[in-house]
Amino acid sequence: MESPQHQQQQGPKKRGRKPKPKDEKEQQQQSAGKTKEGKKSQQPSVDEKYTQWKSLVPVLYDWLANHNLVWPSLSCRWGPQLEQAAYKNRQRLYLSEQASYFPLRDVPNTLVIANCEVVKPRVAAAEHISQFNEEARSPFVKKYKTLIHPGEVLIWDVEAQPNRHAVLGATHSRPDLILTGHQDNAEFALAMCPTEPYVISGGKDKLVVLWSIQDHISGGSIIKQNKPGEGNDKAADGPSVGPRGTFCGHEDTVEDVAFSPSSEQEFCSVGDDSCLILWDARVGSSPAVKVEKAHDADLHCVDWNRHDDNLILTGSADNTVRLFDRRNLASNGVGSPIYKFEGHKAAVLCVQWSPDKSSVFGSSAEDGLLNIWDTDKVGKKVDRPSKSPGTPAGLFFQHAGHRDKIVDFHWNASDPWTIVSVSDDCDTTGGGGTLQIWRMSDLIYRPEEEVLAELEKFKSHVISCAGKP
């Protein structure tokens, strides 16, 4: 059973964005456009920065695919690998389509299941990967099936679900299971346990809710058949299951949740109350550990390191990513991170550890950048300065192929160092979004001595070829 992360149709709300009064916005724009001397700064435009990035694609990337989206997508997830071939693999890809971003168009939100052809490393020609049309769909991404998503926390068997067409007046797809228990919208925070059929979710009701899909499979007493208008989602009709536990501790919307990699009973959550909370379902519904001030603003995202369960990442509207050790989370009630990563110029929307290397993680933000970091390249003290001016410590790659906020990304566990990312382009183009699948050149992340040896070998090869008649 496959159940990718999804959002629901609740109008044009954007994650992590709280509109500021017009006067305050104008003051910020005016101050941002001046240097300390009062002169206007010569900052490159979005299009200029994008053109510069595109010219460097053949140098920086092993492979890249660009796919134009008609509707904004607020989530993307890799699915199982379906087929392996000589030069590429076929893999499932899940996307949400947020058509209700434009409520006047009255088009339903959808969950899109696509089949993606992932080109293998060192196969794509450098001169080809930068030759793409930003307004076109990629030949590497083929839509396989569409589900019309009625909202809330739902489980889908995508292989059994019929394909639907997202047109005006279309009826919703019928979910295979409805997870009830929230008292208000549960828009962003959702995670599935990697080892057991457990699901956690957070919502506007300030709650974290835990379910076991096994309760449905085993036919427990908490299952019932919903009729239209019942349950936590009035649009959904189907079997439902109640929660294993409801956890109270946040004082504002819960924005993200994550399971511990070592226990299905332990998980963490972050919210707009600036809190990071660790939970243990075995000891009750109250926080096991609560960090009252993990950041200086709303928290948008959290991820737990699958290689070292002491390490937790958080991202915030204060533009930073913070690394916490669960053994020493706070000092005097205030978050005490191992390190603060300061490389974004806007709110951080997503953080995620790499499945390939325990010290590597990515972060994406409203500044349109997806930064790749290595914690092994920084010191352990929060106040340690960067080694080189202008480059934050730990930052070793920056994906700048999106021209608007990157709302989600996902490392590919089946294809090392391959990432899918999506941006909501409504602020720059007036609609739609961009999906990109990319893999940086391995010359960037491999050990320096290996790279130098390979380059020397290539240099010798070129010289020998040049000397032949």
Side-chain angles (χ1 to χ4, degrees), residues 15-18 20 182-191 200-210 245-263 265-305 308-342 344 346-353 361 363 365-366 375 380-384:
R15 181 174 188 165
R17 299 194 62 153
K18 293 186 176 179
K20 297 178 180 178
H182 276 294
Q183 301 170 12
D184 203 340
N185 299 335
E187 295 182 295
F188 302 118
L190 181 67
I200 49 173
S201 172
K204 283 186 176 180
D205 53 13
K206 311 172 188 178
L207 301 176
V208 175
V209 183
L210 170 69
T246 301
F247 301 85
C248 307
H250 282 285
E251 298 176 4
D252 206 333
T253 300
V254 180
E255 290 278 4
D256 201 11
V257 289
F259 273 100
S260 163
S262 58
S263 171
Q265 300 289 341
E266 295 180 78
F267 39 92
C268 63
S269 59
V270 295
D272 289 345
D273 54 5
S274 301
C275 290
L276 164 64
I277 299 180
L278 272 59
W279 311 87
D280 189 335
R282 296 165 296 191
V283 297
S285 59
S286 298
V289 180
K290 184 173 183 178
V291 182
E292 294 280 356
K293 192 173 175 59
H295 280 257
D296 298 326
D298 299 357
L299 272 73
H300 293 156
C301 45
V302 64
D303 196 29
W304 211 316
N305 192 313
D308 184 347
D309 64 3
N310 288 317
L311 300 181
I312 298 172
L313 285 172
T314 56
S316 168
D318 65 9
N319 305 354
T320 71
V321 176
R322 301 190 181 186
L323 174 62
F324 289 91
D325 187 324
R326 67 180 298 186
R327 295 165 297 187
N328 185 25
L329 286 169
S331 176
N332 297 323
V334 177
S336 181
I338 301 173
Y339 202 87
K340 297 179 185 179
F341 297 88
E342 300 176 313
H344 287 290
V348 178
L349 300 179
C350 184
V351 292
Q352 191 178 120
W353 289 102
F361 71 91
S363 63
E366 290 186 354
T375 61
K380 298 303 181 183
K381 291 186 178 180
V382 173
D383 56 355
R384 180 178 173 180

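Heavy-atom basis, side chains included; hydrogens, waters and symmetry copies ignored.
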What residues form a side chain to side chain contact (heavy atoms under 4.5 Å, CB included) with [X], not counting sequence neighbours?
X: S262; value: S260, D309
X: S286; value: none
X: A258; value: C268, V302

Which residues share a salt bridge (charged side-chain N to carboxylate O under 4.0 Å, His left out) with D273, sequence neighbours left out: none
Salt bridge (charged side-chain N to carboxylate O under 4.0 Å, His left out) partners for D308, two or more places apart: none
Taking side-chain hydrogen bond (donor to acceptor under 3.5 Å, both in side chains) as the test, write out the residues that go with [X], two or more places apart.
X: S274; value: none
X: D303; value: none
X: W279; value: S269
X: N310; value: none

Stepwise side-chain contact (heavy atoms from CB on, under 4.5 Å) check, L278 with L329: CA-CA 10 Å; L278 272 59; L329 286 169; 3.9 Å; yes
Using 0.5 Å steps for rounding, measure from the [atom1] atom of [X] to the [atom2] atom of [Y].
X: I200; Y: L210; atom1: CD1; atom2: CG; answer: 7.5 Å
X: S316; Y: H300; atom1: OG; atom2: NE2; answer: 6.5 Å
X: K206; Y: E251; atom1: NZ; atom2: CD; answer: 7.5 Å
X: L299; Y: D256; atom1: CG; atom2: CG; answer: 9.5 Å
X: D298; Y: D318; atom1: CG; atom2: CG; answer: 9.5 Å
X: D252; Y: D272; atom1: CG; atom2: CG; answer: 4.5 Å

Verdict with supporting geometry, V291 and I277, side-chain contact (heavy atoms from CB on, under 4.5 Å): CA-CA 6 Å; V291 182; I277 299 180; over 6 Å; no
K290 side chain vs G249 backbone, donor-acceptor pair below 3.5 Å: yes
R322 side chain to L313 backbone, donor-acceptor under 3.5 Å: no
Any side-chain heavy atom of [X] sitting closer than 4.5 Å to one from [Y]?
X: C275; Y: H250; result: yes
X: T375; Y: F341; result: yes
X: T314; Y: F324; result: yes

Test log, rule side-chain contact (heavy atoms from CB on, under 4.5 Å), inputs F267 and V208: CA-CA 10 Å; F267 39 92; V208 175; 3.9 Å; yes
H344 versus T320, side-chain donor and acceptor atoms under 3.5 Å: no
Heavy-atom closest contact ([X] atom, [Y] atom, distance):
X: S201; Y: H182; answer: OG-NE2, 3.1 Å
X: A317; Y: A347; answer: CA-CB, 3.7 Å
X: C301; Y: V351; answer: SG-N, 3.6 Å

Sequence neighbours excluded - salt bridge (charged side-chain N to carboxylate O under 4.0 Å, His left out) pairs with any residue from residues 277-288: E266-R282, D280-R282
ring-ring contact (aromatic ring centres under 6.0 Å, His included) partners for W304, two or more places apart: none
Q183 vs L207, side-chain contact (heavy atoms from CB on, under 4.5 Å): CA-CA, chis, key distance, verdict: CA-CA 8 Å; Q183 301 170 12; L207 301 176; 4.0 Å; yes
